[in-house]
Protein chains: 2
Amino acid sequence: MTETTDLPSEATIHAWARLVRVSQDLIGRVEADLKAAGHPPLAWYDVLLELRRAEPDRLRPYQLQERLLLAQYNMSRLLDRMAKAGLIQRVPCEEDGRGHILAITEEGQAVRRAMWPVYAHAIARHFGDRLTAGEAETLTALLTKLKE
Amino acid sequence: MTETTDLPSEATIHAWARLVRVSQDLIGRVEADLKAAGHPPLAWYDVLLELRRAEPDRLRPYQLQERLLLAQYNMSRLLDRMAKAGLIQRVPCEEDGRGHILAITEEGQAVRRAMWPVYAHAIARHFGDRLTAGEAETLTALLTKLKE
DNA sequence: CCTTAGTAAATGCAGCTGCATCTATATGAG
DNA sequence: CTCATATAGATGCAGCTGCATTTACTAAGG
């Protein structure tokens with residue numbers, strides 16, 4: 001029986017360690033900027049944006065899960081909170097009695113629009129301003145390779 | 001009054017979105033591999049490794065916080081759990097009556113050694129195998145620029 | 001000394017996440 | 001039609017995280 005535990009190279013280990021630390025640090029900084037401006041967390045923005053992008057079609061919770069890579073129970077509760085906050089609505093689904101269709105409310109639209117300038121500025125400040133345009137593209141390409 | 005809300009470019013926004021999604025996805029996969037092998041979470045490994053690296057010197061909780069970018073209360077509780085599991089010990093600090101010095105136990109060493117092959121293989125499988133050596137270095141360089 | 005300010009670490013509480021399970025509906029085989 | 005299986009989504013419970021505050025000690029100025 002052959003051991004196929006291909007261990008990672010030093011270069012790989014360094015890259016991995018950097019990826020973990022830097023991405024968590026940057027996400028934390030951006031989240032902090034949103035919070036400091038009185039806005040909800042990033043995940044809420046992601047939901048609002050996906051729902052907006054899907055228009056005029058509407059999404060169901062499981063579609064949102066797939067797109068945002070969130071666990072089912074996690075999405076269920078996130079939608080609970082957003083519904084309680086009045087940003088979305090769950091409408092019973094005609095074709096499938098088990099499910100719902102998600103709709104952004106006017107207030108949800110307003111929150112999304114209000115969040116974007118803060119989010120955009122945070123992305124620029126903590127991330128974009130530290131890379132040239134070419135570097136950003138290189139990074140995107142590398143991360144895309146990692147996406148499988 | 002001049003608006004200086006330098007908005008991020010399209011390339012920057014794409015890179016940011018990829019970074020957030022891909023890093024969270026990869027970390028999740030690696031964590032899942034550790035858990036599937038019956039090991040503790042990544043953060044535990046980070047602590048054990050930092051303590052090991054510091055030898056023969058020993059670290060105090062606040063030094064670990066700085067190195068691992070964890071919040072103070074978060075570190076305090078992580079150390080609680082690890083102490084309860086018998087992997088580390090908190091020894092009262094001679095020079096500073098407020099603090100403690102952290103020591104890995106034999107079992108902590110054993111756990112760290114047992115975790116590494118699983119962790120290494122997960123890094124290779126989900127991350128390293130998808131990049132050439134040159135790409136890993138390029139990625140490290142880009143992430144280093146983001147580190148400020 | 002004593003007082004004041006600062007730092008190391010712990011903790012109560014509320015909200016979030018993971019896991020397992022549960023409910024309700026859909027779908028497909030016989 | 002009926003039963004088995006699969007899928008959409010919710011939920012109880014335990015553990016983790018964030019926030020604010022507390023406890024214990026150090027340090028520095030009068």
Side-chain angles (χ1 to χ4, degrees), chain A residues 24-25 27-47 51 58-85 87-103, chain B residues 20 24-25 27-47 50-51 58-85 87-103:
Chain A
Q24 289 183 343
D25 182 41
I27 292 168
R29 289 169 193 260
V30 170
E31 289 267 20
D33 281 9
L34 282 171
K35 176 169 291 195
H39 289 304
L42 251 180
W44 290 40
Y45 185 82
D46 290 340
V47 168
L51 291 179
R58 296 194 154 170
L59 295 178
R60 292 181 50 187
Y62 77 93
Q63 296 176 297
L64 221 39
Q65 283 163 43
E66 291 163 1
R67 298 181 194 207
L68 300 182
L69 302 179
L70 276 182
Q72 182 272 318
Y73 46 83
N74 216 336
M75 179 57 71
S76 177
R77 276 161 167 149
L78 175 55
L79 295 175
D80 277 351
R81 284 172 243 135
M82 293 182 70
K84 194 166 359 176
L87 307 193
I88 60 161
Q89 278 185 316
R90 285 194 257 221
V91 183
C93 182
E94 307 275 312
E95 308 93 47
D96 186 342
R98 293 167 300 182
H100 303 119
I101 289 182
L102 301 170
Chain B
V20 172
Q24 289 182 343
D25 183 39
I27 292 168
R29 288 169 194 259
V30 170
E31 290 268 19
D33 281 9
L34 282 171
K35 174 169 293 195
H39 289 304
L42 252 179
W44 290 40
Y45 185 84
D46 290 339
V47 167
E50 278 312 320
L51 291 178
R58 295 194 154 170
L59 296 178
R60 291 181 51 188
Y62 76 92
Q63 296 175 297
L64 221 39
Q65 282 164 43
E66 291 163 2
R67 297 182 195 205
L68 301 183
L69 304 179
L70 276 182
Q72 182 271 318
Y73 47 82
N74 216 335
M75 179 57 72
S76 175
R77 277 161 168 151
L78 175 55
L79 295 173
D80 277 351
R81 284 171 244 138
M82 293 181 71
K84 193 168 356 174
L87 306 193
I88 60 160
Q89 279 185 316
R90 286 194 258 221
V91 183
C93 181
E94 307 274 311
E95 309 95 45
D96 186 342
R98 294 167 299 183
H100 302 120
I101 289 180
L102 301 171

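A, B, ... follow the sequence lines: proteins, then strands. Residue 1 opens every chain. None of the values given here were measured: they were computed from a predicted structure.
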**Asked** Do you know the tightest heavy-atom contact between B:Pro41 and B:Leu34?
**Response**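 For B:Pro41 versus B:Leu34, the nearest heavy atoms are C-CD1, 4.5 Å.
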**Minimal non-hydrogen separation, A:Gln63 against A:Arg58, with atom names** =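 Of all heavy-atom pairs spanning A:Gln63 and A:Arg58, the closest is OE1-O, 4.1 Å.
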Point-to-point distance, once rounded to the nearest 0.5 Å, from [atom1] of [X] to [atom2] of [Y]:
| X | Y | atom1 | atom2 | value |
| --- | --- | --- | --- | --- |
| B:Leu102 | B:Glu50 | CG | CD | 12.0 Å |
| B:Leu87 | B:Lys84 | CG | NZ | 12.5 Å |
| B:Ile101 | B:Glu95 | CD1 | CD | 5.5 Å |
| B:Gln72 | B:Arg77 | CD | CZ | 9.5 Å |
| B:Glu31 | B:Gln24 | CD | CD | 12.0 Å |

Write down the distance between [atom1] ([X]) and [atom2] ([N]), rounded to a whole number of angstrom.
| X | N | atom1 | atom2 | value |
| --- | --- | --- | --- | --- |
| A:Leu70 | D:dA8 | CG | P | 16 Å |
| B:Glu31 | C:dT17 | CD | C1' | 13 Å |
| B:Gln24 | C:dG18 | CD | C1' | 16 Å |

**Request:** For A:Trp44 and for B:Lys35, find the nucleotide of DNA chain C with the closest heavy atom, then tell me which residue's nucleotide is more 5'.
**Result:**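 Result: A:Trp44.
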**Message:** Check A:Arg29 with A:Asp25, please: is the shortest side-chain N to carboxylate O separation under 4.0 Å?
**Reply:**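 A salt bridge is present here (some side-chain N lies under 4.0 Å from a carboxylate O).
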**Message:** Checking B:Leu64 against B:Leu51 for the side chain to side chain contact (heavy atoms under 4.5 Å, CB included) test, could you report, in this order, the C-alpha distance in whole Å, the side-chain angles of both residues, the deciding distance, and whether it holds?
**Reply:** CA-CA 8 Å; B:Leu64 221 39; B:Leu51 291 178; 4.2 Å; yes
**N/O donor-acceptor pair, side chain B:Gln72 with base C:dA10, under 3.5 angstrom** =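 Per atom types, the contact qualifies.
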**Message:** Do B:Trp44 and B:Arg81 have side chains that approach each other closer than 4.5 Å (heavy atoms only, starting at C-beta)?
**Reply:**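 Sidechains of B:Arg81 and B:Trp44: in contact.
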**Asked** Going by heavy atoms closer than 4.0 Å, what residues in residues 73-85 of chain B are next to DNA chain D?
**Response**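 Contacts with DNA chain D under 4.0 Å: B:Tyr73, B:Asn74, B:Arg77, B:Arg81.
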**Message:** Quick check on contacts: within residues 60-67 of chain B, what sits under 4.0 Å from DNA chain D by heavy-atom distance?
**Reply:**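 Heavy-atom contacts with DNA chain D come from no residue of residues 60-67 of chain B; none.
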**Request:** Return the angle between end axes of the helix from C:dC1-D:dG30 to C:dG30-D:dC1, with five pairs used per end and rounding to 10°.
**Result:**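 Comparing the axis at each end, I get an angle of 10°.
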**Request:** Applying side-chain contact (heavy atoms from CB on, under 4.5 Å) between A:Val47 and each of A:Leu42, A:Leu59, A:Leu68, report the one that passes.
**Result:**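 Running side-chain contact (heavy atoms from CB on, under 4.5 Å) over A:Leu42, A:Leu59, A:Leu68 with A:Val47 returns exactly one hit, A:Leu68.
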**Prompt:** Going by heavy atoms closer than 4.0 Å, what residues in residues 89-103 of chain B are next to DNA chain C?
**Reply:**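 Per residue number, the list reads B:Arg90, B:Arg98, B:Gly99, B:His100.
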**B:His100: side chain to side chain contact (heavy atoms under 4.5 Å, CB included) partners, not counting sequence neighbours** =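 Per chain and number, B:His100 pairs via side chain to side chain contact (heavy atoms under 4.5 Å, CB included) with B:Arg90.
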**Message:** Using the side chain to side chain contact (heavy atoms under 4.5 Å, CB included) criterion, which residues pair with A:Ala43? Sequence neighbours excluded.
**Reply:**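 Once residues adjacent in sequence are excluded, the partners of A:Ala43 under the side chain to side chain contact (heavy atoms under 4.5 Å, CB included) criterion are A:Leu78.
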